[in-house]
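A short worksheet on the structure shown next.
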Amino acid sequence: MNLCMTGIDFVHGPLEKRERVSLVRGQVQAMLPRMMATEGVEGCVLLATCNRTELYLHGAAGAQLDPLAVLARAAGFDAAEYREFSVRRDGEEAVHHLMKVA
């Protein structure tokens, strides 16, 4: 399974950082095709609520994906600024977290 996620949430990121990546429905819909166009990405889920923004990526076999970089490129922010405020989960841990949040 080549699944990974990144998230910026109320536990890890201060409000001013979360506000920068807070997305409304139209933004999510506009960003999904850009994320899907990323080399190695075969599927994605972008979850945006008032408390969190999370990107889940399913990658091609052997693809080395950086979900924070993909999100930053699509949303127009600097990934390096957010590394310390984000969390990354891979494989079954990412699946379990998505099911818990959903």
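Everything numeric here is computed off the predicted structure, so don't read it as measured data.
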- CG of Asp66 to OG1 of Thr6, rounded to nearest 0.5 Å, is 7.5 Å
- Quick one: do Leu68 and Val70 end up in the same hydrophobic cluster if we chain Ile, Leu, Val, Met, Phe, Trp and Tyr together by side-chain heavy atoms under 4.5 Å apart? yes
Hey, can you pull the donor-acceptor pairs under 3.5 Å for the side chains in residues 34-50, sequence neighbours left out?
residue	atom	partner	partner atom	Å
Arg34	NH2	Ala74	O	2.6
Thr38	OG1	Met35	O	3.0
Thr49	OG1	Asn51	N	3.2
Thr49	OG1	Arg52	N	3.2

- Item | Pair Tyr56-Glu54, side-chain donor/acceptor within less than 3.5 Å | yes
- Query: Taking C-beta and beyond as the side chain, do Cys4 and Arg89 meet within less than 4.5 Å on heavy atoms?
  - Reply: no
- Side-chain contact, heavy-atom cut-off 4.5 Å: Met5 with His97? yes
- Item | From CG (Asp9) to OG1 (Thr53), nearest 0.5 Å | 9.5 Å
- Item | Minimum-distance pair of heavy atoms, taken over all atoms of Leu57 and Pro67 | CD1-CA, 3.7 Å
- Taking all non-hydrogen atoms of both residues into account, name the closest pair between Asn2 and Gly62 and its distance. ND2-N, 4.2 Å
- Query: Are Phe77 and Leu71 side-chain neighbours, meaning at least one heavy-atom pair lies under 4.5 Å?
  - Reply: yes
Side-chain polar contacts of residues 18-33 - donor-acceptor pairs under 3.5 angstrom, sequence neighbours left out - could you list them?
residue	atom	partner	partner atom	Å
Arg18	NH1	Gly13	O	2.7
Arg20	NH2	Gly76	O	2.5
Gln27	OE1	Val24	N	2.8

